[in-house]
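Each ligand, and each atom within it, is numbered from 1 in the order the structure gives.
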Amino acid sequence: MQLENSVALVTGAASGIGETTAKTLAAKGARIALVDRDEEQIERVMQDILAAGGQCVAIAADVTSEEDTARFVARTVETFGQLNIAVSCAGIIRDGTMLNLDRETGKVSRKLSLDKWNSVIDVNLTGTFLTLRDAAEAMVNGGWDGLLVPISSVNKIGQVGQLNYSATKAALERFPKIIVGEFLLRKIRHIRCVGIAPGYTETKILTEMNQDALQAILKDVHLGRLIKPQEIADMIAYCAQNEALNATTIEITGGLCFPGNIAK
Ligand code: NAP
């Protein structure tokens with residue numbers, strides 16, 4: 001797939017991996033639909049891309065809303081006449097162990113709330129499903145070559161304190177196999193799906209993590225530092241250009257050797 005003149009829709013584009021991916025694809029000649037619930041910040045990203053000579057549109061939307069996903073896909077196609085790449089970066093964490101015990105009594109003092117559970121499932125899993133489903137619908141009906149990119153995580157393996165988050169990322173890791181299998185069944189040959197499973201990457205999402213746990217995890221990273229969003233964005237751009245990559249999820253972890261089970 002040529003990035004020049006292709007059209008890419010990126011959710012979570014107001015920050016972190018989504019922002020850098022949008023800017024990277026724009027710098028390679030793709031026209032970009034920026035989607036995020038943070039209106040002010042996608043406006044900022046849009047101005048950056050325009051100032052660098054790129055083409056883009058900013059669409060404020062909530063990926064958990066079926067109305068919104070239909071709207072931002074339709075708006076992308078109206079604006080640019082096609083859709084080729086959909087990268088689902090919108091994601092959140094709401095960490096906490098399933099049970100917390102009172103130190104003195106040993107009895108359960110607090111449980112992971114349904115609100116924390118549902119919010120992570122809604123954004124990470126349902127939001128990605130809706131985004132990729134509606135993007136794929138447009139690609140099929142338009143007959144355009146396409147690439148769908150769900151963002152999993154190294155924590156798909158199961159991270160203590162992230163029952164909700166790890167559950168969504170484990171599910172997303174499976175999306176490419178299932179979606180491409182279904183495309184094969186339906187003789188849809190022109191759309192690929194490649195997942196990305198980043199390791200610990202320098203974005204604001206990590207500020208919500210327990211910082212002691214993060215420092216402990218970094219000791220197990222061969223690279224010895226956080227991954228840069230640019231390193232993830234470059235891989236996404238490469239995935240678009242290499243058609244042999246399909247129906248798989250690629251880990252970029254900097255060599256995280258012992259993932260999972262950091263007790264806190
Ligand atoms: P980030 O900097 O926090 O960016 C995520 C963006 O998604 C934010 O702008 C956020 O807005 C937006 N968003 C959240 N809920 C949304 C919704 N319902 N509708 C529309 N936009 C929404 O995080 P990031 O690190 O770039 O994360 C991008 C993806 O990579 C996520 O799926 C994350 O799980 C995954 N990932 C990150 C890491 C890492 O270490 N950073 C590692 C593995 C995987 P708000 O600020 O309003 O929430």
For [atom], what is the nearest protein heavy atom, given as residue, atom name and distance?
| atom | answer |
| --- | --- |
| atom 35 (C) of ligand 1 | I151 CG2, 3.7 Å |
| atom 19 (N) of ligand 1 | V63 N, 3.0 Å |
| atom 23 (O) of ligand 1 | I205 CB, 3.5 Å |

Handout entry: Atom of I42, atom of V35 and distance for their closest heavy-atom approach
Key =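 Closest pair (atom of I42, atom of V35, distance): CG2-C, 4.3 Å.
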Handout entry: Shortest non-hydrogen contact from A58 toward M46
Key =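 Closest approach of A58 to M46, heavy atoms only: N-SD, 3.6 Å.
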Does atom [atom1] ([X]) have a neighbourhood of more than 12 heavy atoms from anything else shown, all under 6.0 Å?
| X | atom1 | value |
| --- | --- | --- |
| E39 | CD | no |
| Q2 | CD | no |
| R103 | CZ | no |

Element-labelled atoms of ligand 1 that are located less than 4.0 Å from some non-hydrogen atom of [X]:
| X | answer |
| --- | --- |
| P198 | 42 (C), 43 (C), 44 (C) |
| I92 | 14 (C), 15 (N) |
| Y165 | 33 (C), 34 (O), 35 (C), 36 (N), 43 (C), 44 (C) |
| Y200 | 40 (O) |
| K204 | 2 (O), 3 (O), 8 (C), 45 (P), 46 (O) |
| A61 | 19 (N), 20 (C) |
| G12 | 6 (C), 7 (O) |
| S153 | 43 (C), 44 (C) |

Problem - Close side-chain approach of T97 to L112, heavy-atom, < 4.5 Å - result: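 Contact flag for T97/L112 side chains = no.
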Exercise for the section: Evaluate the side-chain proximity of L184 to R189: yes if any heavy-atom separation is below 4.5 Å, no if none is. Expected result: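 In contact.
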Of the side chain and backbone of [X], name the one, both, or neither that has a heavy atom under 4.0 Å from an atom of ligand 1.
| X | value |
| --- | --- |
| D122 | neither |
| S152 | backbone |
| D38 | neither |
| D62 | both |
| P229 | neither |

Exercise for the section: Would you give the length of the straight line joining atom CZ of F129 to atom CD1 of I179, rounded to the nearest 0.5 angstrom? Expected result: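 F129 CZ to I179 CD1: 9.0 Å, rounded to 0.5 Å.
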Problem - Any N/O pair T64/ligand 1 closer than 3.5 Å - result: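 So ligand 1 has no N or O lying under 3.5 Å from an N or O of T64.
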Exercise for the section: Check the pair E19, K23 against salt bridge (Lys or Arg N to Asp or Glu O under 4.0 Å), reporting the backbone distance first and the verdict last. Expected result: CA-CA 6 Å; E19 174 179 349; K23 288 177 172 174; 2.7 Å; yes
Minimum distance, heavy atoms only, to [atom]: which one of [options] is it?
| atom | options | value |
| --- | --- | --- |
| atom 37 (C) of ligand 1 | V120, I17, T201, N155 | I17 |
| atom 14 (C) of ligand 1 | K156, E19, R37 | R37 |
| atom 1 (P) of ligand 1 | G91, A90, G127, S15 | S15 |
| atom 11 (O) of ligand 1 | I252, V35, D36, I232 | D36 |
| atom 41 (N) of ligand 1 | I227, T203, T253 | T203 |
| atom 31 (C) of ligand 1 | A197, C89, G18, A14 | C89 |

Exercise for the section: Assess G199 for proximity to ligand 1: is some non-hydrogen atom of it under 4.0 Å away? Expected result: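 Contact check G199 vs ligand 1: positive.
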Problem - Contact with ligand 1 for K169, non-hydrogen, under 4.0 angstrom - result: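 K169 counts as a contact of ligand 1 under the 4.0 Å cut-off.
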Exercise for the section: Given side-chain contact (heavy atoms from CB on, under 4.5 Å), test V180 with R192 step by step and report yes or no. Expected result: CA-CA 7 Å; V180 175; R192 291 179 291 129; 5.6 Å; no
Exercise for the section: Test side-chain contact (heavy atoms from CB on, under 4.5 Å) on N84 and L147 and set out the steps. Expected result: CA-CA 6 Å; N84 307 103; L147 172 68; over 6 Å; no
Practice task
Report yes or no: do Q211 and Q215 form a side-chain donor-acceptor pair below 3.5 Å?
Solution key: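 Result is no, nothing qualifies.
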Practice task
With sequence neighbours excluded, give me every salt bridge (Lys or Arg N to Asp or Glu O under 4.0 Å) pair touching residues 108-124.
Solution key: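 Residue pairs with at least one partner in residues 108-124: there are none.
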Exercise for the section: Determine which pairs satisfy salt bridge (Lys or Arg N to Asp or Glu O under 4.0 Å) with at least one residue from residues 56-81, sequence neighbours left out, and list them in order. Expected result: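 Non-adjacent pairs meeting salt bridge (Lys or Arg N to Asp or Glu O under 4.0 Å): E66-R133, D68-R71.
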Handout entry: Salt bridge R225-E202, side-chain N to carboxylate O under 4.0 Å
Key =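 A salt bridge is absent here (no side-chain N lies under 4.0 Å from a carboxylate O).
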